[in-house]
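Notes for the one structure printed next.
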Amino acid sequence: DHEVYDCLDDPAFADMHALCPKFVAFRGPVKRTRRLPQGVVTGFTPQHYISLLRDGLECQTVVRLNDASSYDASEFENAGIE
């Protein structure tokens, strides 16, 4: 629905796009969330995304396209997301 899309699309909340029921694209995650002085969020940790992916979007797998050093994949794995 439109409200869910707008919420997930918001860079201050998730910066995530549900492209179809089985594919979600998102920026991040990063090792730690950073906020600029103006309150702008520049990234979220895996913990931020876990409940959105697992519970809200029923996502079971994350395919990493960014550098392996950007976050610890075991955080997703420990939450039951491959």
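Counting begins at 1 with the first residue of the sequence. Nothing here was measured: the structure is a model prediction, and the numbers come from that model.
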**Prompt:** What are the two closest non-hydrogen atoms of Pro46 and Tyr71, and how far apart are they?
**Reply:**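 Minimum heavy-atom separation between Pro46 and Tyr71: CG-CD1, 3.7 Å.
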
**Message:** According to salt bridge (charged side-chain N to carboxylate O under 4.0 Å, His left out), does anything in residues 47-59 pair up with another residue at least two apart or in another chain? List the pairs.
**Reply:**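 Counting only pairs at least two positions apart or across chains, no salt bridge (charged side-chain N to carboxylate O under 4.0 Å, His left out) contact touches residues 47-59.
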
Give every donor-acceptor pair under 3.5 Å between a side-chain atom in residues 74-82 and any protein atom, sequence neighbours left out.
| unit_1 | atom_1 | unit_2 | atom_2 | d |
| --- | --- | --- | --- | --- |
| Ser74 | OG | Asp72 | OD1 | 2.9 |
| Ser74 | OG | Asp72 | OD2 | 2.9 |
| Asn78 | ND2 | Ser74 | O | 3.1 |

**Prompt:** For Tyr5, what residues pass the side-chain contact (heavy atoms from CB on, under 4.5 Å) criterion, not counting sequence neighbours?
**Reply:**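 side-chain contact (heavy atoms from CB on, under 4.5 Å) list for Tyr5, sorted by chain: Asp9, His17.
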
**Request:** Just jot down the side-chain hydrogen bond (donor to acceptor under 3.5 Å, both in side chains) partners of Ser70, sequence neighbours excluded, or say none.
**Result:**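 side-chain hydrogen bond (donor to acceptor under 3.5 Å, both in side chains) check on Ser70 returns Asn66.
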
**Message:** Filter on ring pair (Phe, Tyr, Trp, His ring centres under 6.0 Å), then keep only pairs touching residues 18-40, sequence neighbours left out; what's left?
**Reply:**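 Sorted pair list: Phe26-Tyr49.
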
**Prompt:** Does the side chain of Leu57 come within less than 4.5 Å of Leu8's, by heavy atoms?
**Reply:**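 Leu8 vs Leu57: side chains touch.
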
Side-chain donor/acceptor pairs under 3.5 Å, residues 29-37, sequence neighbours excluded:
| unit_1 | atom_1 | unit_2 | atom_2 | d |
| --- | --- | --- | --- | --- |
| Lys31 | NZ | Ser69 | O | 3.2 |
| Thr33 | OG1 | Gly43 | O | 3.4 |

**Request:** Output the distance between atom CG (Leu65) and atom CZ (Arg27), rounded to the nearest 0.5 Å.
**Result:**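 Interatomic distance, Leu65 CG to Arg27 CZ, rounded to 0.5 Å: 14.5 Å.
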
